[in-house]
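FYI, side chains are in, hydrogens and waters are out, and symmetry mates aren't considered; it's all heavy atoms of this structure. Just so we're clear, the structure is a prediction, and the values are computed from it rather than from any experiment. Residue numbering restarts at 1 for every chain, and letters A, B, ... go by the order of the sequence lines.
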Amino acid sequence: MKVKSIRGFRDILPEEIKRWHFIEEKCRKIFEKYGFSEIRIPILEQTDIYTSGLGDTSDIVSKEMYTFEDRDGTSITLRPEGTAGVVRSFIENSMGKKSPVNKLYYSGMMFRHERPQKGRYRGFNQMGAECFGSESAYCDADIISMLWSIFSELELNNHVKLEINSIGTSEDRAKFREELVNYFEPQKDNLCDDCKRKLDTNPLRILDCKVETCLTTIGKAPSILDFLSIDSKNHFEKIKFLLEKIDIPFTVNPKIVRGLDYYTDTVFELTTDKLGSQNAVGAGGRYDVLVKQLGGPDTPAVGFAIGLERLILLHEQVFPEEYRQNVDIYVASLGEKALNEGIYISNILRKQGLNVEYGFDKKSFKSQLKRANKINAKYTIIIGEDELDRNVFKLRNMKLSEEKEYSLDEIENFINLIS
RNA sequence: GUGGGUGUAGCUCAGCUUGGUUAGAGCACCUGGUUGUGGCCCAGGAGGCCGCCGGUUCAAGUCCGGUCAUCCACCCCA
């Protein structure tokens with residue numbers, strides 16, 4: 001039998017994992033800086049939380065979910081995104097009653113049955129944050145600031161672009177939608193086939209069509225921003241004011257409409273021109289009606305998610321140097337007796353907090369040093385018959401190619417010898 | 001779901017146009033050049049169902065058909 005990972009799923013190998021750790025750690029730190037706490041939620045949920053939460057006309061729900069029957073016949077789905085599950089948990093645990101505001105972040109694998117491509121996998125990792133309980137524009141701005149600060153902390157802010165928009169309330173959008181149809185209907189012959197279809201199903205999505213012939217028609221189309229209610233307009237103005245005040249560069253793009261139905265008012269996207277066509281590396285927005293829609297108390301919320309594979313890809317391009325595991329000591333022993341001593345010494349050093357590779361195979365001294373070199377060990381400890389007889393070990397500084405001898409008794413305070 | 005590119009050593013790739021001895025290179029790996037000293041250099045070694053199935057042919061890595069995988073783009077999205 002031929003073994004092979006499932007299409008669209010991949011391994012993250014040891015040589016790449018250090019960069020993952022580095023980036024995940026940075027993200028965690030920033031989430032916590034903004035007062036968010038981690039939540040871990042299941043990978044499987046009942047299908048309805050997605051169908052009724054994300055909107056059943058969205059591509060994700062209509063053709064990309066991994067949905068199957070549980071043994072008792074209920075329909076369950078591998079999570080295609082994080083927000084719906086966090087909302088479910090928020091409701092189920094009555095978080096709104098325990099605290100007026102709840103700030104949660106999560107990290108984990110999401111599943112969408114898409115055609116794999118660069119930066120797009122069927123199993124992919126997201127880190128995201130959700131803030132429940134505030135409808136204030138200050139909250140939106142704080143969240144956007146958090147997203148931005150992840151990228152500036154990683155020194156990637158020069159390679160991404162923040163775009164924001166407001167899509168108003170559902171009434172605003174209904175009005176806008178009507179106007180859009182009125183606008184496009186008479187000139188639908190100028191639109192591509194996809195857009196003609198969208199005219200019936202989801203006219204807002206025509207706005208982000210990239211087909212050239214559509215672009216001129218779209219250019220003169222009405223803007224959502226002219227349809228916002230007073231409250232939504234003020235909310236949006238306030239966010240823009242705050243982002244300027246804290247020096248976060250952004251542009252307003254009235255054509256941003258999110259793919260999921262739960263968004264209200266604020267939406268935003270972080271894109272890069274370095275990843276080909278999968279250019280969205282983070283995105284989010286406000287979703288004031290979702291909690292209620294899923295059966296919870298009327299609770300406003302804002303959140304975003306970052307695509308980790310894409311973030312890593314971007315980081316690799318900007319900082320191509322390798323991220324390596326750090327090995328402090330390689331213990332090279334020569335001969336049976338020395339091997340016995342080697343495992344003992346290695347463990348003492350590990351207790352002192354060092355990363356130690358113990359050469360446990362009977363290999364030539366030369367190949368052991370080669371190994372030490374290859375794994376980039378800072379020091380090699382050398383013990384052979386000769387050293388054992390004299391109750392000493394040699395310590396070789398790999399970078400300087402210098403060796404010193406120490407009494408074996410000094411192993412107990414080894415950390416002092418090299419610091 | 002649609003279109004295009006690519007499948008040869010662990011990795012990156014040459015060879016295919018114009019079929020013909022034993023399928024190559026670089027990197028990585030192993031051994032030696034040094035009785036117990038890494039990186040550089042030198043010598044040697046190991047490693048291939050040439051993606052898979054079928055066809056054409058005296059003969060297929062090379063030509064043809066199919067299939068699968070993969071990458072990129074459309075689309076969608078993080």
Return the value, rounded to whole Å, for the distance between atom [atom1] of [X] and atom [atom2] of [N].
X: A:K274; N: B:rA78; atom1: NZ; atom2: P; result: 22 Å
X: A:F9; N: B:rA69; atom1: CZ; atom2: C1'; result: 16 Å
X: A:E114; N: B:rC76; atom1: CD; atom2: P; result: 11 Å

Sort out the partner of [N] for me: Watson-Crick or G-U wobble, both distances under 3.5 Å, none otherwise.
N: B:rA9; value: none
N: B:rC49; value: none
N: B:rA14; value: none
N: B:rU57; value: none
N: B:rA43; value: B:rU31
N: B:rU21; value: none
N: B:rG1; value: B:rC74

Locate the shortest heavy-atom distance separating [X] from [Y]; write the atom from each residue and the value.
X: A:T67; Y: A:S75; value: CG2-OG, 3.3 Å
X: A:H235; Y: A:E135; value: CE1-O, 3.2 Å
X: A:F132; Y: A:T299; value: CB-CG2, 4.2 Å

Compare side-chain N and O positions of [X] against OP1 and OP2 of [N] and report whether any pair is under 4.0 Å apart.
X: A:S277; N: B:rC72; value: no
X: A:R7; N: B:rU70; value: yes
X: A:K374; N: B:rA28; value: no
X: A:K4; N: B:rU70; value: yes
X: A:Q368; N: B:rG38; value: no

Using a cut-off of 4.0 Å on non-hydrogen atoms, how would the nucleic acid contact of [X] be classed: base, sugar-phosphate, or nothing?
X: A:I382; result: base
X: A:F124; result: base
X: A:E403; result: base

Ignoring hydrogens and angles, are the base of [N] and the side chain of [X] linked by a donor-acceptor pair under 3.5 Å?
X: A:R205; N: B:rC76; result: no
X: A:R120; N: B:rC71; result: no
X: A:R371; N: B:rG38; result: no
X: A:R112; N: B:rC76; result: no
X: A:S364; N: B:rG36; result: no

Next item on the list: Decide whether A:S62 and A:D59 meet the rule of one side-chain donor and one side-chain acceptor closer than 3.5 Å.
Entry: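 On atom types as modelled, these side chains do not qualify, holding no pair under 3.5 Å.
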Next item on the list: Could you verify whether a donor N or O on one side chain and an acceptor N or O on the other, from A:T83 and A:E130, lie under 3.5 Å apart?
Entry: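 Yes - a donor-acceptor pair under 3.5 Å links their side chains.
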Check: Taking the P atom of each, how far is B:rU6 from B:rC16, in whole Å?
Finding: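 Comparing P positions in B:rU6 and B:rC16 gives a spacing of 14 Å.
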Note to self: Could you tell me how far B:rC42 sits from B:rU21 if I compare only their C1' atoms? Round to whole Å.
What the structure shows: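 Their C1' atoms lie roughly 31 Å apart.
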Note to self: Let me spell it out: for each of A:F365 and A:N279, pick the nucleotide of RNA chain B with the closest heavy atom. Which residue's pick is nearer the 5' end?
What the structure shows: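 Nearest nucleotide further toward 5': that of A:F365.
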Item checked: 5' precedence on RNA chain B between A:L334 and A:Q126 (nearest-nucleotide basis) ->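 Nearer the 5' end of the strand: A:L334.
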Check: With a distance cut-off below 6.0 Å to the six-membered ring centre and an angular limit of 45° from the axis, does A:R10 pair with A:Y121 as a cation-pi contact?
Finding: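 Flagged: A:R10 positioned over aromatic ring of A:Y121.
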Checklist line | Proximity to the side chain of A:R396 - top-ranked nucleotide from B:rC72, B:rG36, B:rG38 | finding: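 Looking only at side-chain atoms, A:R396 lies closest to B:rG38.
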Notebook entry, point to check: If you check every side-chain atom of A:P116, which of B:rC71, B:rC72, B:rA78 has the closest atom?
Noted result: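 When the side chain of A:P116 is considered, B:rC71 is the closest of B:rC71, B:rC72, B:rA78.
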Check: Can you say whether the rings of A:F360 and A:Y358 are parallel (under 30°), tilted (30 to 60°) or perpendicular (over 60°)?
Finding: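 A:F360 vs A:Y358 ring planes: perpendicular.
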